[in-house]
Every structure is written in structure tokens, then in C-alpha cells.
Amino acid sequence: MKLLHRSFSSFPSSPLQTFLTIPQLCSNGRLQEALLDMAVLGPNMLGFHDYDALLNTCVNKRALREGQRVHTHMIKTSYFPPTYLRNRLLIFYGKCDRLADAHKVLDEMPDKNVVSWTAMISRYSQTGHSSEALTLFAEMMRADGKPNHFTFASVLTSCSGLSVGKQVHGLIIKWSYDSHIYVGSSLLDMYAKAGRIEEAREVFECLPERDVVSCTAIITAYAQLGLDEEALQVFQKLLSQGMSPNYVTYASVLTALSGLALLDHGKQVHCHVLRRELPFYAVLQNSLIDMYSKCGNLSYARRLFDNMPETERTSVSWNAMLVGYSKHGLGKEVLELFGLMREGKRVKPDSVTLLAVLSGCSHGKMEDTGLSIFDGMIAGDYGVKPDTEHYGCIVDMLGRAGRIEEAFEFVKRMPSEPTAGVLGSLLGACRLHVSVDIGEAVGRRLIEIEPENAGNYVILSNLYASAGRWEDVNSLRAMMLRSAVTKEPGRSWIQHEQTLHYFHANDRTHPRREEVLAKLKEILMKMKQAGYVPDHSCVLYDVDEEQKERMLLGHSEKLALTFGLIATGDGIPIRVFKNLRICVDCHNFAKIFSKVFEREVSLRDKNRFHQIVGGVCSCGDYW
DNA sequence: CTAGGGTTAG
């Protein structure tokens, strides 16, 4: 019967049609007919080239069932495949995401070669099974397997710890693969992911040649560590050298542009992408959504999101949009979109989704909703269990709403030690709502785990001061002087005519600083007449009142706002960005500023947006 | 036959 069938499928039906061999059928895309031929041929009738062609086709088509039939045929006909074909089998199972089957092929292989080891290691790396990849690499080294550039490029992807990464780097040098371009890209990426930008940069600089991927790797490295300008410099160099960016490059560049809130540049990248007519890459769409929302253009972001076919939307697309609404304080929109996501059922919420939803409730003054969603997480309603971050989000939310005791209870219930960030936000809330007892407990603990952060001492000391506990204020100050304290310098920037203008606190670098200061002094009169009263509690140092006022005026966002007023025409909205969170005094300043000078002010701080119109801020003075 | 860079959150 089978034989009969075969003669119908590939026997020449006309004199002009010649008989096709299995490899020929495979290369003509006629896999099913090739498989029929295979099925009717008994032991010793199929050779190396037939199996090679069949397996190769199954790999390309990710045809699991068909490949399994080929494998079974080998076993049933007692065919003993050479290493090359066993590698093909291994690769076939690996590409079909059957890693256990692939590993079994490897284990049963009498003569493993580099390709066997490497193919398995790379599949483990590519699918995120880092520890399996590393274990196998170690086994390979023990078994005296000789690694090559393929092996190193693959295994580095699984080296998430710096010490493992360094050990592998040592081996790479020993085997003289350190200037290989694939190995180098992977190596610099490893260092970047371990937060070692200097080492990453050095690997990149030492590469004898560069291509799009290695350039993209260093761009990503810079962008991930917040070195956005450096990322853009490399991108410009890449363009000037005539290299053609691909969608991964664009995605990374968009991250850097989001960081600097460079909307115009972001639009230019968007145009490039459209003109290049690149295929629909969800990754690229997602980074465009994120870029628009981080640059303050939520409606563009939403339009991109809506235009994505439902089947293409990933959790990242939903999360980017949810985060956008959350940072703009639009709690209602967050909940609406989250509702749509759950209704659609195509994409499951993940831990980032819930983080965005909780922080959306926090920024949107919806504490009770946030709490009930959190309870739902514990009850298993969303398929995501709360982790430290989610607890931290609730602590922050309750604290800012003045529900200090509840916030403190949450800290105690956290599954792991609270981070300095969580305790810091609670301490800030304690100062704002003058909760001395809890503030003291939190502040002391915070100083233990983060003794180098000046802000911690000062906030606690402010709290003591408001309770009249001057002795504690003094001893705290002494403690602070003994510890080596640091504070990330605040800086703000504003874009004007294709240039970014940076201002630091009490700026000494901007070429027009004198002019800006003079203008600031001038507008201060008008501001005070309109009701601006400097809020001295925002000064974190123990200095006299007059000096406090001078320090407040030196805050970088006030300088940037003033520059905006000078540099742009009447009625033009002023968009300012800050690397830290905005202080109460500057927030108040910006509100009155918008009213007095009839300017719309858009201020993006480290966490969120403040859209200020006519003296009213979109955050509702709650951030 | 085997290879590098990837978007959201913190």
C-alpha cells in the first residue's frame, strides 16, 4: 500500500518529469513527499544526505512532528548516525523548543564535538536557561571540549554574575577570542548588564572592527545605565560611518531619547523607521509607545497602541501604555486600560503590569482601589503574586496619603527586607505628616543601611526639629558629619533650538547663567506679589534663613524655567526635565510661574509628569 | 551543522 502511494507521489507522471531524490524534494519545499519516500524505504535504504536534508528542512520549518518521524525512522531502521547528523538532531529539537530532547541527544552522543556542545549551550542561553548553559559549559571544559568563538559568544549571554563573567573573559583571552566581533559584543553586553560600563566601553574600544550589532550593544549599554548622551553619540557616529541601523538599534536609541525627553529627535527616529519600511516589529512599536509617553505625548502613544494589531500586542505594549498613564497621574485611564487588558485575555498581566496599576492608583489618589487590587493579588485574582516592589508601591501610596500607620504595617509585612527606596519614601511621608515616632524608627533603620545618603539625616533631623527635639537634631548632625555623605547632584534641562541647555544647582556652567540669574531676581518680585512664599523646609542643610532662600533659588529647575522664559516667545509652553524628584518649593514656584507669565509648564521629574496650566498642576499637588 | 545587540518596571 505504502509502496503504491509512493509511486503516485514521486514517480514521474509524464516523460518530462524526472524522478526526484529526497534531498531534491526537500530543497523544493516538498517535505511531505520526502517523508512518504522515507517511510517506504527500509533499513540501509536512506543515507546520510537524505537524513541531513530531511532534518535541515524540519529545522527551518520548525516541524516538530515531522522531525520526530525522521528520528524514529533512524532508530527503527537501526541507522547509526554520525556526529554531524546527531548534531542536526540536537539542533532540530533545540529549535523546536524541546530542550530536554535535545539534551538527551547530546548525552547519548559518543563523539561530541564543539558544535554539539555549542548548539546546546546556545539554545539554553537563547531561551533564558542560564544556569543550564553554564553547567553545560563547565561540563564541556571538564570533558576537554575545545570551545570556539561560537561557544563564547553564546555562553556569555548566560553570565549574569560579574565573577562568572570575568572568569569566562579570562578563558576568552586564553583562547585568543577577545577581539572577535561576536564575542566582543556579547562580552561588552555582559559587563554592561553587571553595571560595569567602564569595562564594557573598553571592550568596545578595543574591537578591531565594528558592525551594527556591536554598536547597538554599546548604545544599549549606555541607555540602560542612563548615560543617554553617550548612547546618542555612538548612534550619530554609526550613522556618519554609513552603517544602517536595524530595529534593535532604533529600539535602544528610543530608550535613550525617552531618558532625555527629546521628543523632536524621537519623532525623527519614527520617521526614519516609517521611511525604511521595516517589518512590523512589536519591540520597535513598544519603544515608540514608550518614547511618546515619556516625552509627554500620550495621545501619540495611544494612537500607536491602538493601531497595533491585537495579535501583535505584547505585555510590554500594555505595560508601556499603563506606565504612561500612571506617570501622568491618570488613575482612571490606568484602570480602564487594565480592564481592557483583562477582558481581552490575549495577554496575561505580569508583575510590571501590576506595578504600573498600583502606582497608577497611587499617583491618581485612589488608595482604596490600590489596596483592593493588592488584596486581589494575594487572593490570586491576577495570576501575579506581589513581590517586594509591589509592597513598596503600597507603602509609598499609603505614606503619601498620610496613612502612616498602615504604611508602617505594610513595611513589616514585606516578604523581604525593605529597600532603602521604600524606607526613604516612608520617611519623607513621616516628615510631611509629622509622624515622629514612626519616622524615627524608619529613619534610624534607613541610616543603618544607607549611611552615605545625606538626605536621610536631613529629613530625620527636620522631623526632630518640628517636634522640638533639638538634642536629637544636634547628635544627628554630628553623625552625618562623621559619615561620608553623598547626594546625587540635581540637574534640569530644557531644549531650545536643537540644543539641550543644562542647569545644575547654583549653576556655574551655563554660558548665559548671569543673564538667567538677573532675570530670576527680576521675576522673583512678581512671583512674591502673586503669592510665592519660599518654603525653607525644602533646604536640606543647616544654614541661616537668608542663605536657605538663596539655595532654594539656585535649584536647577527654577533656572531652567527662567531660561525658558527668556529664550522663548510669549505664550509658548515651557518644557523642563529634571533628573531627581521635584521639591515642594519648586513645584509651588512653577505653579505660580505658569499663572503670572501665562505659560503652560510641563515638568517631567524622575518619577512622573507635572502639566501645569494657570497655576494648577495635573498631579493635584500629590506626587 | 553551532554565534553577539532587544521594548515596559526598579
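FYI, side chains are in, hydrogens and waters are out, and symmetry mates aren't considered; it's all heavy atoms of this structure. Just so you know, these numbers come straight off a predicted model, no measurement behind them. Here is the naming used below: chain letters follow the sequence lines, and residue numbers restart at 1 for every chain.
Within a 6.0 Å radius of NZ in K385(A), other residues, nucleotides and ligands contribute more than 12 heavy atoms.
Distance from the side chain of V283(A) is smallest for dT7(B) among the nucleotides dT7(B), dA3(B), dG5(B). Checking dA9(B), dG6(B), dA3(B) against every side-chain atom of Y247(A), the shortest atom distance belongs to dG6(B). Looking at the side chain of T255(A), the nearest of the listed nucleotides dA3(B), dT2(B), dT8(B) is dT8(B). For V352(A), whose side chain is taken as the heavy atoms from C-beta onward, the closest listed nucleotide among dA9(B), dT2(B), dG6(B) is dA9(B). Among dG10(B), dG4(B), dT2(B), the nucleotide with an atom closest to any side-chain atom of I91(A) is dT2(B). With dG10(B), dC1(B), dG5(B) as the choices, the nucleotide that has an atom nearest any side-chain atom of T216(A) turns out to be dG5(B). Of the listed nucleotides (dT2(B), dG5(B), dC1(B)), dG5(B) has the atom at the smallest distance from the side chain of V212(A). Ranking dA3(B), dG5(B), dC1(B) by closeness to the T220(A) side chain, first place goes to dG5(B). Considering only side-chain atoms of S214(A), the nucleotide from dG4(B), dT7(B), dG10(B) that sits closest is dG4(B). For T157(A), the side-chain atoms get nearest to dG5(B) when compared with the rest of dC1(B), dG5(B), dT7(B).
Across all strands shown, D211(A) has heavy atoms under 4.0 Å from base atoms, whether or not it also approaches the sugar-phosphate. Nucleic acid contact for L254(A): none, since no nucleic acid atom lies under 4.0 Å from a heavy atom of the residue. K294(A) comes within contact range of the sugar-phosphate backbone alone, with a heavy-atom separation under 4.0 Å but no base atom that close. No engagement by K606(A) is indicated, since no non-hydrogen atom pair under 4.0 Å with the nucleic acid exists.
With hydrogens and angles ignored, no donor-acceptor pair closer than 3.5 Å exists between the side chain of Y281(A) and the base of dG6(B). A donor N or O paired with an acceptor N or O is found under 3.5 Å between the base of dG5(B) and the side-chain atoms of N246(A). The base of dG4(B) is not paired with the side chain of S186(A) by any donor and acceptor separated by under 3.5 Å.
Note on Q126(A): a side-chain N or O is less than 4.0 Å away from OP1 or OP2 of dA3(B). Between dT8(B) and K327(A), no contact under 4.0 Å exists linking OP1 or OP2 to a side-chain N or O. Considering only side-chain N and O atoms, S122(A) lies under 4.0 angstrom from the phosphate OP1 or OP2 of dA3(B). Here Q224(A) reaches the OP1 or OP2 of dG6(B): one of its side-chain N or O atoms lies under 4.0 Å away.
The residue from H71(A), Q68(A), R88(A) that alone fulfils the side chain to side chain donor-acceptor pair (under 3.5 Å) condition with Y93(A) is H71(A).
Under the 3.5 Å distance criterion, with hydrogens and angles disregarded, no donor-acceptor pair is assigned to the side chains of N113(A) and T83(A). Side-chain contact check for D189(A) and S186(A): no donor-acceptor pair (N or O, by modelled atom type) lies under 3.5 Å. A donor-acceptor contact closer than 3.5 angstrom is absent between the side chains of Y191(A) and R201(A).
Residues satisfying the side-chain hydrogen bond (donor to acceptor under 3.5 Å, both in side chains) criterion with H265(A), sequence neighbours excluded, are absent altogether.
One can place CZ of F235(A) at 19 Å from P of dG5(B), the figure rounded to the nearest angstrom.
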